[in-house]
> 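Structure in structure tokens, see below.
Within every chain, numbering begins at 1; the chains are lettered A, B, ... in the order of the sequence lines, protein sequences first and strands thereafter.
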Amino acid sequence: MFPDILEVQEKRVEERRLPALSNAVEGKVVTRFPPEPNGYPHIGHAKAAVIDETYARMYNGRLILRFDDTNPAKEQLDYYKAIKDGLDWLGVKPDLVKNSSDDMARFYGYAEQMISSGHAYACTCQPDVVKQNRSEGKECACRSLSPDEHLQRWRRMLDAQGYKMNEAFLRVKGDMQSLNTALRDPTLFRIIEAAHPLKDKKYRVWPTYDFAGPIEDSIDGVTHALRTKEYELRDALYFLILKTLGLRLPELIEFSRLELRGTTVSKRKLQPLIRDGLVEGWDDPRLPTLTALRRRGFLPEAVREFVLSLGVSKAESEPDWALLESVNRKMLDPLVRRYFFVPDPVRLEVAGAPEVKAILKLHPEKNFGERVIETRGAFYIPREDAEKLKQGDSLRLLGLYNVEIEHSLPASEEGLLLKGRYAGEDLREGLPKIQWVSADSYREFTVWVTLPLIVDNEFNKESLKIVKGFAEAACGDLKPDDKVQFIRFGFCRIDSPGLAILTHR
RNA sequence: GCUCCGGUGGUGUAGCCCGGAUAAGCAUACCGGCCUUUCGAGUCGGUGAUCGCGGGUUCGAAUCCCGCCCGGAGCACCA
């Protein structure tokens, strides 16, 4: 009884970890995650999606996944799928999936409504003139033409025989003198003739984010629209459009963008790395894409917990991977089996060693069973440890016995062999405890160790370290996607037979 | 340049809206003890922030007001 109550209370704390939403009604909250299908989802998307979902669940509301695909020049079919896959992996389950491009007819209807009521106008000025006028706060001649004239121009925009790209734009009548430059008659629609991945050539006039976003939020019943804070100046525009159209106003909430130290989520910076083959692809474990995080061995639950720990604050920050790693490590620790992996192996021969079957538990606390390794006095141990041992030193082979060093590694030569003598099984304080593989049974294994991708704003050529070594024979049975801890080395995910990726220490 | 938004220990975050409990909680990182399958986890303890700076209001300010400094964003036919 009593423990049950405690448990329930704990869970509640867990779920309510985000600050309360203003004007939120239990059961009525609707949030939305609106990615543009123009790239692979990364940890920044995860932050937004998880916050959106968490709020929806906190209030027993609904989450909408909306593809903001109103720029056919940028969207690609593959990315719709990549984003869905990323969310699946994260465990974000939208209650509704839709595309902005499905609502083109409504956008056109609202456009005409704004033109007719004199709140929008079709501008045929040259783009550089528009830019100039904006910076000087000047209105152009188009602005004062009659709504009828603008309706005609609008039709010529829609007509394939009419205006061409860049010849006309539908702009909102905002305030050309406003100190908030987002209000200086921004573009609502422009002509883009590229084929759309879902709609092909059906439309040639496409709404901008500024127009489509608020309308979609409003007509979809979104009560709380969250976005990153670079949109903050556009809040006024968002509400202006909805008020002009007489549509319901959602609450708008902004939070800071996620920037992880030592990497970048910028497509502009990532694309060249992939194009030039500096990284393996979008799932290269050095990248912050979701597919890369998965491949590196992060658990989706850890990613979720990590991004939630950052909260919805607008403060700029640059969290360290160590924060994510710590969460992941805690989750992985009770789940994964322990094995011995010897990086950069050096042979150790032990004189007078008995033949011993080492029985090693697969987990120090959990009942995961054990593996048995037959030993006959010949081992491999990590070079790094071997180099620290001097003649007369002792070490303990983990789970086996003690060894006294008789001949240490030659300092200058290759130093391939270390010789020692059996020194009993008793536990002695202060001995270095070292993992090993038997010289009679081991598998060659490679481990990829990732280091910061970006250093001083440039690609770090040393960002991937390839460590070769020997793993104990049992590791030959590991399957791709298995996660293990190589003792004294770190947590790893098996990528393919004989290849592991270090998730973190 | 103009406008807006930020600024709490190395890092992340809570507290700030509705000023008061020991002048700051938690996590991470770091250091040390315990634990002998670990340089992990767990556990115990420790170092570390005069809350960007300077004024003001107040009996009392991280919290309110003013000025300044620093950082970020916007000034797109991209979201």
> From A79(B), G12(B), C77(B), pick the nucleotide closest to the side chain of Glu318(A)?
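Shortest atom-to-atom distance from the side chain points to G12(B).
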> Would you mind reading off the distance between Lys267(A) atom NZ and C78(B) atom P, rounded to a whole angstrom?
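One finds 14 Å between P of C78(B) and NZ of Lys267(A), rounded.
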> Go through G12(B), G40(B), C77(B) for me and flag the one nearest to the Leu310(A) side chain.
G12(B)
> With rounding to the nearest 0.5 Å, note down the distance linking CH2 in Trp436(A) to CD1 in Ile381(A).
12.5 Å
> 5'-most contact on RNA chain B: Leu179(A) or Val130(A), nearest heavy atom basis?
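Closest to the 5' end, via its nearest nucleotide, is Leu179(A).
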> Using a cut-off of 4.0 Å on non-hydrogen atoms, how would the nucleic acid contact of Arg338(A) be classed: base, sugar-phosphate, or nothing?
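The residue Arg338(A) makes base contact.
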> How long is the straight-line distance from CG of Leu299(A) back to CG of Leu335(A), given to the nearest 0.5 Å?
7.0 Å
> For A79(B) and Arg190(A) - does any side-chain N or O of the residue sit under 4.0 Å from the phosphate oxygens OP1/OP2?
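The answer is yes; a side-chain N or O of Arg190(A) sits under 4.0 Å from OP1 or OP2.
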> Give me the ring orientation class for Trp206(A) and Tyr203(A): parallel if the planes are under 30° apart, tilted from 30 to 60°, perpendicular past 60°.
perpendicular
> Quick one: on RNA chain B, does Asp128(A) or Glu232(A) contact a more 5' nucleotide (nearest heavy atom)?
Glu232(A)
> Scan side-chain atoms only and decide if Ser22(A) and Glu251(A) contain a donor-acceptor pair under the 3.5 Å cut-off.
yes
> For Asp69(A) and Ser101(A), does a side-chain donor sit closer than 3.5 Å to a side-chain acceptor?
yes
> Within the structure, does a side-chain N or O atom of Thr70(A) lie under 4.0 Å from either OP1 or OP2 of A79(B)?
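Looking at the OP1 and OP2 atoms of A79(B), one of them is under 4.0 Å from a side-chain N or O of Thr70(A).
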> Using a cut-off of 4.0 Å on non-hydrogen atoms, how would the nucleic acid contact of Lys433(A) be classed: base, sugar-phosphate, or nothing?
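Lys433(A): base contact, heavy atoms under 4.0 Å.
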> Is Ser317(A) near enough to U13(B) that one of its side-chain N or O atoms lies under 4.0 angstrom from OP1 or OP2?
yes
> Nearest to the Glu365(A) side chain among G7(B), C77(B), G40(B), which nucleotide is it?
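Side chain of Glu365(A) sits closest to G40(B).
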> Among the candidates G6(B), G74(B), A41(B), find the nucleotide nearest to the side-chain atoms of Lys229(A).
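The answer is G6(B), which lies nearest to the side chain.
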> Any base atoms under 4.0 Å from Ala182(A), or only sugar-phosphate, or nothing? Heavy atoms, all strands.
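Contact class for Ala182(A): none.
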> Using a cut-off of strictly less than 4.0 Å, decide whether Arg329(A) has a side-chain nitrogen or oxygen near OP1 or OP2 of G40(B).
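Negative; the distance criterion is not met.
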> Consider the side chain of Ser313(A), meaning its heavy atoms from C-beta on, and name the nucleotide among A14(B), A29(B), G40(B) that approaches it most closely.
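Minimum distance to the Ser313(A) side chain belongs to A14(B).
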> From the list A76(B), G71(B), C77(B), which nucleotide is the closest neighbour of the side chain of Lys131(A)?
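Closest nucleotide to the Lys131(A) side chain: A76(B).
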> Could you spell out the base pairing of RNA chain B as a dot-bracket line? Use Watson-Crick and G-U wobble contacts where both distances are under 3.5 Å, [ ] for crossing pairs, | for partners on a different strand.
((((((((.[[[[.)....(....]]]].(((((.......))))).....[[[[[..)....]]]]])))))))....
> Salt bridge check, Asp102(A) against Lys199(A): does any charged N sit closer than 4.0 Å to a carboxylate O?
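Counted as a salt bridge, because a side-chain N and a carboxylate O are separated by less than 4.0 Å.
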> Could a donor-acceptor pair under 3.5 angstrom be found where the side chain of Tyr231(A) meets the base of A79(B)?
yes
> Can you confirm whether the side chains of Asp185(A) and Tyr121(A) place a donor and an acceptor under 3.5 Å from each other?
yes
> Measuring only the P atom in each nucleotide, how far is C26(B) from A49(B)? A whole number of Å is fine.
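Nearest-Å result for C26(B) against A49(B) at atom P: 16 Å.
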> With sequence neighbours left out, which residue pairs that include part of residues 308-319 of chain A fulfil the salt bridge (charged side-chain N to carboxylate O under 4.0 Å, His left out) condition?
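For residues 308-319 of chain A, and leaving out neighbouring residues, the salt bridge (charged side-chain N to carboxylate O under 4.0 Å, His left out) pairs sorted by first residue read Lys229(A)-Glu316(A), Glu232(A)-Lys314(A), Arg261(A)-Glu318(A).
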> Base, sugar-phosphate, or nothing: which does Asp69(A) touch, judged by heavy atoms less than 4.0 Å apart?
nothing
> Nearest whole angstrom, please: distance from the P of G12(B) to the CD1 of Ile43(A).
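Going from CD1 in Ile43(A) over to P in G12(B) covers 15 Å.
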> What does Arg171(A) touch in the nucleic acid at a heavy-atom separation under 4.0 angstrom: a base, only the sugar-phosphate, or nothing?
nothing
> Compare side-chain N and O positions of Arg261(A) against OP1 and OP2 of A29(B) and report whether any pair is under 4.0 Å apart.
no
> Once you apply a heavy-atom cut-off of 4.0 Å, does Ile487(A) come out as touching a base, just sugar-phosphate, or nothing?
base
